Amino acid sequence: MIIRHLNIKNFGTINDRTLEFSPGINVLYGENENERTTIHTYIKSMFFKDISEVISDNAVFVGPLKSATEQDLIRELQKFMAGCQGTGDGAMDLGRAMQMLKMSRKGYQVQAERKQKETEQERQKLLTKMDDIRNELNEIQKELVQIDEKEGSLRMRPGDESGEIILDERMAEAKARRNGFAMGMLISAFAGIFGLILSAIIADSIAVSLTVAVAAAGLVGLCGKKQMKYAREFQKRIRMKKRWISRQEKLKCSKESLRQDCDEKETELRNIQEEYREYEENSCLPTSEERELQALNMAMETIERLSGNIHLQFGRRLQTRTSQILREVTGGKYQDVLMDAACHMTVTAGDGTVALEHLSRGTLELIYFAMRMAAGELLCQEESLPMILDNIFGMYEEEDLAAVLRWMYKEKRQIIISTCSKREMELLDREEIPCQKLILS
């Protein structure tokens with residue numbers, strides 16, 4: 001893709017302007033930064049709205065390094081290289097993204113653990129409550145057994161007769177004996193009286209009469225004594241029956257109350273068991289926190305997997321191409337750009353390896369240029385896009401800038417150098433490099 005002609009009308013601060021570009025190097029010069037920025041925005045919105053932001057920011061628009069110190073500049077270079085190797089996008093901070101995911105995961109882990117602890121505590125409460133109810137049911141069953149035993153003892157049956165029948169029979173027996181001896185008293189009294197009269201008429205003897213009277217009195221006394229004994233026995237049987245009935249009623253009431261308690265406890269136990277089953281079933285299902293953790297873990301695994309793939313496929317090629325461009329623009333002084341697992345960058349020079357901390361600002365600027373050019377090439381393999389360089393040569397030595405301009409001309413790629421300095425145009429003329437100059441008033 002090549003930009004040949006721009007006709008801007010009523011866009012931002014520009015009312016009407018026409019610009020002509022060549023396929024090679026173009027210099028867009030103007031001291032008014034706002035006007036140049038407006039042209040950049042117009043190009044981005046009109047021509048590159050259908051391409052991804054990654055390609056637009058890394059392969060088309062290249063801005064200057066904004067770091068004030070060399071240490072900040074080194075960190076910015078390492079961040080860009082790490083981002084490109086990990087994601088294919090120098091604007092992305094993969095380490096920060098992973099850190100944010102880890103922080104989110106930790107928060108959800110705390111919530112999940114707290115919720116799991118609360119659920120386990122509630123489950124233990126249900127188990128304890130079920131054990132307590134079972135113990136209460138066992139106690140109730142023991143009491144019911146004791147009541148059954150007491151009821152069995154109250155029946156006093158040798159066979160299958162109930163206690164009440166036995167008591168009634170014994171009451172009837174005592175009553176019959178009492179009444180029998182009462183009748184015996186009457187009969188004995190009448191017999192004595194009749195005997196006295198008869199002995200007086202027949203025997204006419206006082207001794208006989210006395211004997212009859214004594215015998216009659218003895219029978220009356222014996223029958224009276226027996227009658228009193230069985231009268232007391234009868235009253236005793238009546239009291240025994242009343243106590244038996246009272247105890248039977250108490251046992252019956254206790255038994256009904258215990259059975260009612262037993263039914264209530266069994267119902268309560270079934271309800272708690274059902275609630276416990278629901279807890280067990282729900283424990284097999286992932287909670288919202290666990291689902292979030294699964295999603296975060298999947299995202300982290302995906303990022304790591306994609307990062308690894310991008311690093312293998314893109315990162316190595318990026319280092320290789322960056323090294324090639326750096327060798328060309330430095331005349332072979334610096335050869336390879338390397339980055340280790342800790343994202344620490346070095347370059348090889350001659351027989352040794354030099355850390356970025358030991359390089360000059362100008363060399364760091366050249367490394368940045370090489371990385372941006374390499375990233376742009378790799379991201380736009382299918383179609384070469386114009387590259388717009390916005391004031392990126394301000395810190396360059398003339399010799400380094402001349403080498404960069406020669407390299408750009410050799411690559412035969414459309415490049416628009418947006419600048420507020422005339423130095424680029426002067427060097428292009430001195431190096432006799434053809435270019436299209438666009439002067440903004």
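In this text the structure is predicted, and so the values were computed from the model without any measurement.
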Can you tell whether the side chains of Glu328 and Lys410 come within less than 4.0 Å, N to carboxylate O?
yes
Which class fits the ring pair Phe369 and Phe393: parallel under 30°, tilted 30 to 60°, perpendicular over 60°?
tilted
For Asp263, is there any backbone N or O sitting under 3.5 Å from a side-chain donor or acceptor partner on Thr267?
yes
Tell me which one of Leu359, Leu366, Asp336, Thr363 satisfies side-chain contact (heavy atoms from CB on, under 4.5 Å) with Val347.
Leu359
Do Arg270 and Glu274 sit within salt-bridge range, that is, some charged N less than 4.0 Å from a carboxylate O?
no
Mark yes or no for whether Tyr29, through its side chain, and Lys437, through its backbone, hold a donor-acceptor pair below 3.5 Å.
no
Donor-acceptor check, side chain of Arg36 to backbone of Glu31, threshold 3.5 angstrom: yes or no?
no
Can you see which heavy atom on Pro386 is nearest to which on Gln414, and at what distance?
CG-OE1, 3.2 Å
What I want to find out is whether Glu139 reaches Lys265 closely enough, with some N-O distance under 4.0 Å, to be called a salt bridge.
no
Salt bridge or not for Glu431 and Arg406, using N-O below 4.0 Å?
yes
Establish, yes or no, whether the cationic atom of Lys412 lies under 6.0 Å from the six-membered ring centre of Tyr409 and within 45° of the ring axis.
yes
Does the distance from a Lys or Arg side-chain N to an Asp or Glu carboxylate O, for Glu173 and Arg177, drop under 4.0 Å?
yes
Side chains of Gln324 and Arg321 only: does a donor on one sit below 3.5 Å from an acceptor on the other?
yes
Do Ser246 and Arg243 meet the criterion of a side-chain donor-acceptor pair at a distance under 3.5 Å?
no
Backbone N or O of Val337 within a donor-acceptor pair of the Ser323 side chain at under 3.5 Å?
yes
Are any side-chain N or O atoms of Asn26 and backbone N or O atoms of Gly24, one a donor and one an acceptor, separated by less than 3.5 Å?
yes
